[in-house]
Amino acid sequence: MTQAQNAKAQRITPRAKDFSEWYGDVITQAQMADYSPVRGCMVIRPHGYRIWELMQRALDDMFRASGHRNAYFPLFIPMSFLAKEAEHVEGFAKEVAIVTHTRLRATGKEGAGAVAVDPASALEEPLVVRPTSETIIYAMFAKWIQSYRDLPLLLNQWCNVVRWEMRTRLFLRTTEFLWQEGHTAHADEAGAEQEARLILGIYRRFAEEWMAMPVLTGLKTDSEKFAGALRTYAIEALMQDNKAIQGGTSHNLGQNFSKAFDVKYQTAAGGLEHVWNTSWGVSTRLIGGLIMTHSDDNGLVAPPKLAPVQVAIVPIWKTDEERTQLSAVGRELKSDLEQTGLRVEFDERENLKPGAKYFEWEGLGVPVRLEIGPRDLASGQVVLARRTGGKAPVPLQGAATAVTKALDEIQAALFAAARERREKGSGGFVYGGFCGDPACETEIKQQTNATIRVLPDPEFRSKEVPKSCMWCGAPSIAEAVWAQAY
């Protein structure tokens with residue numbers, strides 16, 4: 001590595017030294033996001049946004065396969081809508097942005113004072129900038145749902161939301177972020193419960209099969225559930241610093257919102273009943289989870305299924321003749337790999353030496369790099385280097401097969417490594433009995449900064465059922481998983 005490369009490599013703070021600094025350095029080197037001039041917001045750069053697009057595509061296919069359709073609802077919500085469900089407004093009151101006027105006017109001054117709010121443009125009713133869409137969506141459901149024949153109604157939307165934050169942590173905590181939010185209406189509680197659990201399963205499958213991120217599933221306590229929900233389920237993952245991240249939530253809303261917005265349907269027997277609703281969502285926070293689950297001190301490690309570039313081909317030449325020959329072979333190889341559905345880049349840049357290219361592609365998290373020089377060409381091979389370690393020559397004619405096999409192995413190995421790290425139990429998730437007393441839960445949070453992540457589903461429970469609360473010693477009503485969290 002050259003001195004210039006060495007200096008560049010030192011831009012990433014080691015995880016062991018400062019995990020938070022390391023996280024920001026990985027994002028910067030991988031050109032995933034940047035801080036916005038608007039306080040609390042971020043700019044998602046193309047490499048980061050491509051990961052989000054791949055996440056969207058995979059999740060959207062899963063939603064559609066389970067009968068859901070996409071729609072879009074307004075960014076602005078009448079303030080009175082938010083007030084209709086008491087628990088909901090209390091949960092979001094401190095983080096909503098409000099629009100009160102519709103225009104500015106010139107003041108004749110210079111600088112920042114050149115424009116001011118036109119007092120004559122005040123709205124009759126202020127508008128809330130969407131923190132979540134339950135209220136406006138269920139106001140529309142009240143118009144669309146008339147009969148049991150209209151149920152279930154299964155909708156999803158991809159959009160942005162605003163929840164006012166002053167401290168920015170790229171992807172993890174920003175004032176504006178991107179997400180999907182599903183909203184459904186059902187004839188009875190059993191239908192809503194089945195839907196909430198179905199979506200939880202989809203989220204788990206996506207996290208584990210696409211992100212290679214193992215998760216726990218379970219029920220949130222009343223203090224941690226969504227504002228206005230009957231029950232909230234979540235997937236929880238453990239990051240490399242032993243802190244948890246809530247990857248996604250699925251809420252059985254009961255009839256709280258349907259009663260607030262008078263969403264009724266005529267039953268088969270001719271009576272009128274309120275519908276049962278669910279809502280559920282995952283956001284760009286998942287990108288933060290991906291980074292903190294897999295990446296290392298050299299930069300981003302992207303699971304192959306979500307890597308913006310899965311294969312980088314780097315030719316190595318000294319003469320113009322070698323360059324011409326390698327360019328032709330490299331382009332043909334790129335085409336062959338792309339025909340198998342892979343995302344491939346052929347790096348012909350003349351202003352960078354091969355070592356610098358390796359370093360750059362490594363920092364971008366590209367799972368597989370193919371190196372090819374004159375000797376490789378003469379031997380009918382390319383050198384396959386894995387982002388997670390290891391190099392070996394493979395036949396040029398069989399490169400597509402070898403690359404596909406390597407990508408599958410990397411995907412599986414990343415998941416296995418993350419699961420093994422979680423199961424070692426050195427910090428991170430702590431299992432214990434819980435008495436069910438909110439005061440006990442609050443006291444633990446105040447003294448340890450740990451919260452109950454979930455009351456785990458049977459698959460994740462201990463073999464022996466806890467008999468007493470791990471904190472106060474009172475009889476336990478359920479096993480809980482505790483952790484400090486993002």
Side-chain angles (χ1 to χ4, degrees), residues 1-6 8-9 29-32 45-51 53-54 57-58 298-414:
M1 184 179 287
T2 66
Q3 188 173 357
Q5 288 174 305
N6 222 357
K8 189 175 182 182
Q29 179 161 302
Q31 301 172 32
M32 299 178 72
R45 300 183 67 180
H47 198 65
Y49 196 78
R50 182 59 177 145
I51 292 176
E53 287 180 322
L54 292 166
R57 183 182 300 173
N298 294 320
L300 176 66
V301 174
K305 287 187 177 182
L306 295 175
V309 177
Q310 294 171 305
V311 186
I313 304 170
V314 181
I316 306 164
W317 71 81
K318 289 184 179 178
T319 68
D320 289 343
E321 182 181 351
E322 290 174 345
R323 182 189 173 212
T324 300
Q325 193 175 21
L326 288 167
S327 290
V329 172
R331 288 169 187 167
E332 184 178 351
L333 177 58
K334 179 177 186 287
S335 177
D336 290 344
L337 293 173
E338 287 178 334
Q339 285 178 24
T340 66
L342 297 176
R343 298 181 289 277
V344 188
E345 290 289 343
F346 179 43
D347 193 346
E348 290 189 90
R349 290 176 293 176
E350 296 183 51
N351 60 329
L352 287 179
K353 292 183 178 179
K357 293 178 181 180
Y358 300 164
F359 180 80
E360 184 175 316
W361 290 117
E362 188 174 70
L364 290 170
V366 176
V368 165
R369 184 177 69 245
L370 296 180
E371 305 164 8
I372 182 166
R375 290 182 182 178
D376 298 308
L377 197 55
S379 302
Q381 67 180 34
V382 293
V383 176
L384 189 155
R386 301 183 184 215
R387 173 63 181 82
T388 49
K391 266 189 183 188
V394 298
L396 183 58
Q397 292 303 315
T401 301
V403 167
T404 301
K405 181 174 182 287
L407 291 172
D408 289 343
E409 290 172 351
I410 293 168
Q411 183 83 25
L414 287 174

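Side chains included, hydrogens not; waters and symmetry mates left out as well; all remaining heavy atoms used. Quantities reported herein were computed from a predicted structural model and do not represent experimental measurements. We number each residue from 1, following the sequence as shown.
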Let me confirm one number: the CD-CD distance from Glu360 to Gln29, rounded to the nearest 0.5 Å.
9.0 Å
Heavy-atom side-chain proximity of Leu333 to Ile372 below 4.5 angstrom:
no
Rounded to the nearest 0.5 Å, what separates atom CG in Leu407 from atom CG in Leu384?
8.0 Å
What distance do Ile51 atom CD1 and Leu300 atom CG have between them, rounded to the nearest 0.5 Å?
5.5 Å
So Leu54 and Leu306, do their side chains get closer than 4.5 Å, heavy atoms only?
yes
Checking Leu370 against Leu337 for the side chain to side chain contact (heavy atoms under 4.5 Å, CB included) test, could you report, in this order, the C-alpha distance in whole Å, the side-chain angles of both residues, the deciding distance, and whether it holds?
CA-CA 11 Å; Leu370 296 180; Leu337 293 173; 3.9 Å; yes
Side-chain touch Ile410/Val368, heavy atoms, less than 4.5 angstrom:
yes
Between Glu371 and Ala385, the two heavy atoms sitting closest are OE2-CB, 4.0 Å
With distance as the sole test, does Arg343 use its side chain to make a donor-acceptor pair with the main-chain N or O of Ala307 at under 3.5 Å?
yes
Within residues 404-414 or reaching into it, pairs that qualify as side chain to side chain donor-acceptor pair (under 3.5 Å) - sequence neighbours excluded:
Arg386-Glu409, Lys405-Glu409
Where is the tightest heavy-atom contact between Ala400 and Thr340, given as atom of each residue plus distance?
CB-CG2, 4.1 Å
Closest contact, heavy atoms only, Arg50 versus Pro308
CG-CB, 3.6 Å
With side chain to side chain donor-acceptor pair (under 3.5 Å) as the rule and sequence neighbours excluded, what pairs involving residues 318-331 come up?
Arg323-Glu350, Ser327-Glu348, Arg331-Glu348
Crowding at CD, Glu338 (>12 non-hydrogen neighbours, <6.0 Å):
yes
Would you give the length of the straight line joining atom CH2 of Trp317 to atom CG of Leu377, rounded to the nearest 0.5 angstrom?
14.0 Å
For Leu364 versus His47, what's the shortest heavy-atom pair and its separation?
O-NE2, 2.9 Å
Under the salt bridge (Lys or Arg N to Asp or Glu O under 4.0 Å) test, residues paired with Asp347 that sit two or more places apart:
Arg349, Lys357
Would you compute the distance between atom CZ of Arg387 and atom CD of Glu362 and round it to the nearest 0.5 angstrom?
4.5 Å
Indicate the atoms forming the closest heavy-atom contact of Val309 with Pro367, along with that distance.
O-CD, 3.3 Å
Atom pair CG/CG of Leu342 and Asp336 - distance to nearest 0.5 Å
11.0 Å
